Amino acid sequence: RSNKEWLAVQNQRYYLYPVHVSLSFLMTKGINSALYLLLLRMLHRDYDSAYRLVDSVANDTKLSPEGVLIFDALKIANGDFHPDAHSVRLKVSLVTIDSDANTPWDLTQELAHYISKLPHVSATCRLSEREELQLLESDAAVKDDSSPNFSP
């Protein structure tokens, strides 16, 4: 409420989420509402729900100023080192890899944490082998000193 930058770019001060007729999940209306719900689920440490929601934030275009602010707010959860939290962040990186959005975390570090904790990642949050390979082969991941993002 007191963040002036947040209030300046928000088109609306709240989001309404219709409840599915089965009463088992919320439906999002637009990428900004999906990003905000993802942020809330990450902060609540509800990784299964967050992981299932990630495909709703898939984007290959420029985010609105509101979307950029919500996307950047995901860094609030960067201090969460649960194995499933790494998986959710990697999935977000994967679905936004073709957009101009800069993830608010270091992809290489997230990959390293994910790989080192792989036996502890829950089955519902586990990336497929194809997804893992796609992240490892992306230019954003530093694999050696010849990688574009390498910084000694």
Side-chain angles (χ1 to χ4, degrees), residues 6 9 15-152:
W6 182 273
V9 299
Y15 295 103
L16 295 176
Y17 298 96
V19 179
H20 188 264
V21 71
S22 67
L23 303 177
S24 59
F25 61 91
L26 299 175
M27 296 182 295
T28 59
K29 292 192 174 195
I31 192 163
N32 292 342
S33 68
L35 278 169
Y36 190 71
L37 187 57
L38 176 65
L39 172 64
L40 293 177
R41 288 186 172 166
M42 284 297 290
L43 293 175
H44 193 258
R45 298 176 61 119
D46 184 3
Y47 309 116
D48 293 341
S49 296
Y51 190 86
R52 287 192 310 267
L53 183 61
V54 170
D55 286 328
S56 299
V57 302
N59 190 20
D60 61 356
T61 60
K62 187 174 184 173
L63 292 171
S64 68
E66 180 179 6
V68 169
L69 198 60
I70 298 168
F71 193 75
D72 287 342
L74 287 170
K75 69 182 169 202
I76 297 168
N78 282 355
D80 187 350
F81 292 100
H82 190 281
D84 290 346
H86 298 300
S87 182
V88 172
R89 286 192 284 268
L90 288 174
K91 184 76 169 185
V92 170
S93 298
L94 187 63
V95 301
T96 60
I97 206 163
D98 293 326
S99 73
D100 66 345
N102 293 322
T103 54
W105 48 78
D106 182 275
L107 179 62
T108 305
Q109 287 183 347
E110 288 300 323
L111 278 165
H113 290 303
Y114 174 79
I115 291 167
S116 68
K117 299 175 184 178
L118 195 55
H120 305 288
V121 176
S122 67
T124 56
C125 293
R126 180 82 188 263
L127 295 169
S128 69
E129 288 180 14
R130 182 173 164 257
E131 291 171 328
E132 291 171 357
L133 189 59
Q134 188 176 355
L135 285 167
L136 287 167
E137 289 177 343
S138 74
D139 288 337
V142 176
K143 295 165 278 293
D144 56 32
D145 58 359
S146 65
S147 295
N149 290 336
F150 176 73
S151 175

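Because the structure is predicted, anything quoted here is derived from the model rather than measured. Throughout, residue positions are numbered sequentially from 1 according to the sequence presented.
Defined by atom type and a distance below 3.5 Å, a donor-acceptor pair is present between the side-chain atoms of D84 and S122. In the model, T124 has a side-chain atom that pairs as donor or acceptor with a side-chain atom of D48 under 3.5 Å.
The structure places NE2 of H120 at 14.0 Å from OG of S87, a figure rounded to the nearest 0.5 Å. One finds the CG atom of D46 at 10.5 Å from the CG atom of L40 (value rounded to the nearest 0.5 Å). Rounding to the nearest 0.5 angstrom, the gap separating the CG atom in L90 from the CG atom in L111 is 5.0 Å. Separating the CZ atom in R126 from the CD atom in E132 is a distance of 5.5 Å, to the nearest 0.5 Å. From T103, atom OG1 reaches atom CG of N78 across 9.0 Å, with rounding to the nearest 0.5 Å. Put simply, NE2 on H44 and CG on L39 are 13.0 Å apart, with the number rounded to the nearest 0.5 Å.
Residues passing the ring pair (Phe, Tyr, Trp, His ring centres under 6.0 Å) test with Y114: none are found, sequence neighbours excluded. The salt bridge (Lys or Arg N to Asp or Glu O under 4.0 Å) test applied to D80 returns R45, not counting sequence neighbours.
The side-chain heavy atoms of D60 and T96, taken from C-beta on, include no pair separated by under 4.5 Å. Side-chain contact between V92 and W105: present, with at least one pair of heavy atoms (C-beta onward) separated by less than 4.5 Å.
Here K91 does not pair with E110 in a salt bridge; the nearest charged N to carboxylate O distance is not below 4.0 Å.
Sparse packing is recorded around CG of N102, with 12 or fewer heavy atoms of other residues, nucleotides or ligands lying under 6.0 Å away.
Taking the six-membered ring where the residue is Trp, Y47 and H82 present parallel rings, their angle staying beneath 30° rather than reaching 60°.
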**OP:** Apply the test side-chain contact (heavy atoms from CB on, under 4.5 Å) to residues I70 and L63: give CA-CA distance (whole Å), side-chain angles for both, the deciding distance (0.1 Å), then the verdict.
**Re:** CA-CA 10 Å; I70 298 168; L63 292 171; over 6 Å; no
Original post:
Would F71 and I31 satisfy side-chain contact (heavy atoms from CB on, under 4.5 Å), going step by step from the backbone distance to the final call?
Top reply: CA-CA 10 Å; F71 193 75; I31 192 163; over 6 Å; no
**OP:** Test L107 against L135 for side-chain contact (heavy atoms from CB on, under 4.5 Å), laying out the working first.
**Re:** CA-CA 8 Å; L107 179 62; L135 285 167; 4.0 Å; yes
**OP:** Show your reasoning for whether side-chain contact (heavy atoms from CB on, under 4.5 Å) applies to K117 and F81.
**Re:** CA-CA 10 Å; K117 299 175 184 178; F81 292 100; 3.6 Å; yes
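Put simply, the side chain of R52 never gets that close to the backbone of C125: no donor and acceptor are under 3.5 Å apart.
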